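Because the structure is a prediction, the values reported are computed rather than measured.
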Amino acid sequence: MAGLAHALSSIRRADSLAGRSTLASTIDARAKLLASLWVVGVLASFPSYEVASLLPLALFPVVLLVTGEVPLGWLCGRLLLALPFVLMVGMLNPWLDPSPMASPWGAPIAAGWFSLASILLRGLIAVSSALLLLATTGIIRIGYAMSALGLPAVLVNQVLFLYRYLFVVGEELARTVQAWQLRRAGKPRHGVPPHQLKLLLAAVLARTFQRAMRIHQAMLARGFDGQLRLPSAPRWHLRDTVFLLFWIAFPLLARLVDIPLTLGRLLTGA
Amino acid sequence: MHMADALLSPEVGASFLAASLTALAIGARRLQASLQEDSQLVALMGVLGAFVFAAQMINFSIPGTGSSGHLGGGMLLAILLGPWAGLIVIASVLLVQALFFADGGLLAWGANVFNLGVVSCLILYPLIYCTLAGDGNSRTRVTLAAVLACTLSTTLGATGVALETAASGITRLPLPEFLTLMIPIHLAIGFVEGLVTAGVLAALAQRRGGFSGRPLQAGSRGIIASFILAALLTGGVLSWLASAHPDGLEWSIERLGATHLLEEAPVDALHRQSAQVQQITAILPDYELPAALPKAGIVAPGVSIAGIVGSLATLALVALVALILRRPSRRIK
């Protein structure tokens with residue numbers, strides 16, 4: 001229950017961030033969506049031991065964070081929730097992959113430490129990029145961008161529909177589970193017992209069906225004819241082209257040239 | 001259990017994205033006709049998506065383990081809405097989760113739709129659930145079908161995560177150990193999800209006077225079989241491309257006429273030792289290198305002073321850009 005209530009409040013928070021007028025929010029959602037996908041794709045293409053050469057790609061989430069005026073605390077809180085699985089899968093790497101790699105202080109380091117650091121850095125950059133895309137754009141505009149980029153209207157409408165009724169259905173389920181907890185006089189240690197959960201879910205599901213029927217009636221009353229329509233795409237500006245081209249070129253440059261190593265050689269004369 | 005961007009290679013991510021988008025496009029096309037005939041379906045899909053999203057946040061206890069799990073919801077959606085609508089709804093749930101909670105990620109969305117949507121809605125629903133449940137009027141058959149289909153669905157979804165992680169080669173966790181970690185707990189979670197799903201269907205049937213599972217649309221089995229074949233072919237072709245052709249960096253270097261950099265022998269003792277270790281231990285030589293990379297001259301393996309100084313300088317430059325772009329006049333709470 002706490003998970004559901006917390007999730008709903010997190011969504012409200014992300015919504016309030018996306019609703020503000022900032023430099024990042026003026027960029028077209030299509031440009032931001034494509035740039036985010038490209039950055040994450042290039043990030044995934046680095047060899048598994050790369051750590052330092054991934055660092056330039058951190059510029060993308062940092063730019064979104066700053067130009068979107070997103071609070072760092074919000075991002076860190078979301079990151080802490082999102083990274084445990086990645087950490088769990090990568091944490092054994094130092095023991096599973098002890099192949100020696102060079103270090104500046106002489107003693108070799110197990111290659112697994114590099115791959116673990118690489119996984120964590122990839123996770124940080126990829127997760128931050130997705131979260132900041134949402135926090136600077138909002139789900140509605142992302143939906144319209146998906147539609148403009150050719151994704152099926154049924155899927156886009158479904159995303160927007162789901163989002164619209166998330167709070168209504170979610171809060172109803174949260175209230176139902178809370179009522180069950182209050183009658184039970186104590187929180188369950190390991191979740192709701194299955195035989196009780198099915199009754200709780202069935203009760204809410206039955207009400208969900210009734211709600212769907214009412215929504216359908218309301219849609220018919222407003223002239224719904226079975227055709228799903230989305231608004232036409234907003235105007236594309238020069239700044240969107242510049243943004244997209246920069247974020248295609250920069251990750252490509254970072255992939256082809258080891259920017260930190262080049263900088264380090266320049267600075268140290270090595 | 002969501003696949004994560006940080007564990008995916010671009011080949012695996014792109015293959016699954018292509019496979020899932022193909023399935024979604026077919027689903028959307030087939031649903032257009034259904035939506036014209038039954039406009040109620042739009043509203044049902046929307047609110048059921050919200051319901052599954054919320055239900056996934058409620059943990060259930062797994063008897064005898066001291067652990068807990070949550071619904072995947074793919075099978076429940078397929079039973080209530082049909083396979084194509086179920087797939088689209090679960091894809092939308094996964095997209096909202098990827099954006100709001102960074103569960104999975106943007107590149108991994110395709111893999112997650114495949115693991116949690118395609119497997120349950122397009123493979124197990126027609127092959128297991130529909131076969132066992134029959135016309136859906138027998139409570140025993142529906143319960144058996146839901147339990148088996150959900151158990152397989154959750155277990156295959158978790159197996160998918162392990163296989164995709166192994167195929168990507170980012171982590172060194174061996175596949176057998178990863179599967180040993182994943183499968184037992186997901187068998188238990190799937191079994192309980194099956195019981196809950198069957199219980200929900202039974203409770204709904206009591207209220208509505210009969211089970212509400214919609215029959216598989218005519219001709220779907222053929223499409224499903226073609227789709228599975230297409231997915232396998234896509235994965236196979238992309239894997240072949242990944243292994244048989246040079247990657248982008250190698251291709252660029254070849255174009256620049258600097259192939260000697262790729263073939264240059266390891267120059268120092270550590271490199272030679274690493275290369276020997278790699279030759280001995282490599283399972284798929286030249287596809288993924290478990291040992292330190294010997295491509296001297298392109299990426300120096302390990303840490304060097306220049307690398308550390310360069311990394312600090314890069315971070316300083318990123319911070320500088322952030323400071324320049326920052327608007328000090330507006331404080332955000």
Side-chain angles (χ1 to χ4, degrees), chain A residues 3-4 7 11 40-41 44-45 48 52 55 59 62 66-67 69 71 82 86 89-90 93 96-97 99 101-104 119 122-123 126-127 130-131 134 152 154 158-159 161-162 165-166 169-170 173 190-192 194 197-198 201-202 206 208 212 215-216 226 260-261 263-265 267-268 270, chain B residues 4-6 8-10 24 28 31 35-36 39-40 43-47 49-51 54-55 57 59-61 68 88 92 95 99-100 102 105-107 170-173 192 195-196 199-200 203-204 207 270 277 291-292 301-307 309-311 313-314 318 322 325-326 332:
Chain A
L4 178 53
I11 293 172
V40 174
S45 77
S48 54
L55 287 173
L59 189 64
V62 166
V66 175
T67 57
E69 300 171 29
V86 169
V89 175
N93 276 16
L96 296 170
D97 186 6
S99 323
M101 290 183 89
S103 74
I119 287 171
R122 283 162 203 262
V127 168
L131 289 170
L134 179 84
V154 178
Q158 168 59 30
V159 171
F161 230 118
L162 184 158
Y165 288 98
L166 191 59
V169 176
L173 184 56
H190 297 294
V192 184
L197 180 63
K198 70 187 180 192
L201 290 182
T208 302
I215 291 166
H216 179 242
L261 191 64
L263 267 177
R265 282 178 178 156
L267 290 171
T268 60
Chain B
D5 276 348
L8 264 184
S9 71
L24 288 168
L31 273 180
L35 290 172
Q36 292 287 340
S39 59
Q40 217 176 57
L44 260 180
M45 284 168 67
V47 291
F51 171 79
M57 304 285 168
N59 276 10
F60 53 69
S61 53
S68 66
I88 285 177
S92 70
L95 186 70
L99 288 168
F100 279 101
L106 297 173
L107 184 66
I170 306 289
T171 175
R172 292 287 167 268
L173 195 58
V192 177
L195 288 177
V196 172
V200 168
L204 269 183
R207 287 166 187 257
L270 182 62
V277 171
V303 185
S304 64
I305 292 288
V309 171
S311 301
T314 306
V318 170
L325 292 172
R326 197 167 152 235
I332 307 300

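- Of the residues considered (B:A4, B:G49, B:P10), B:P10 shows the highest number of contacts with chain A, using heavy-atom pairs under 4.5 Å.
- One distance of note links CG of B:L106 with CG of B:L99; it measures 6.0 Å at 0.5 Å rounding.
- By number of non-hydrogen pairs under 4.5 angstrom with chain A, the leading residue of B:V47, B:V309, B:V192 is B:V47.
- Rounding to the nearest 0.5 Å gives a distance of 11.5 Å between CG of B:L107 and CZ of A:R122.
- Within the 4.5 angstrom heavy-atom criterion, only side-chain atoms of A:V62, from C-beta onward, approach chain B.
- Partners of A:S45 by side chain to side chain donor-acceptor pair (under 3.5 Å), not counting sequence neighbours, listed by chain and number: A:R255.
- Put simply, the side chain of B:Q40 never gets that close to the backbone of A:H216: no donor and acceptor are under 3.5 Å apart.
- Scored by the side chain to side chain donor-acceptor pair (under 3.5 Å) test, A:N93 finds A:S115, B:T171 as partners (sequence neighbours excluded).
- When each of B:L24, B:V200, B:L95, B:L8 is checked for heavy-atom pairs under 4.5 Å with chain A, B:V200 comes out on top.
- Considering only heavy-atom pairs separated by less than 4.5 Å from chain A, the leading option among B:G105, B:A313, B:A322 is B:A322.
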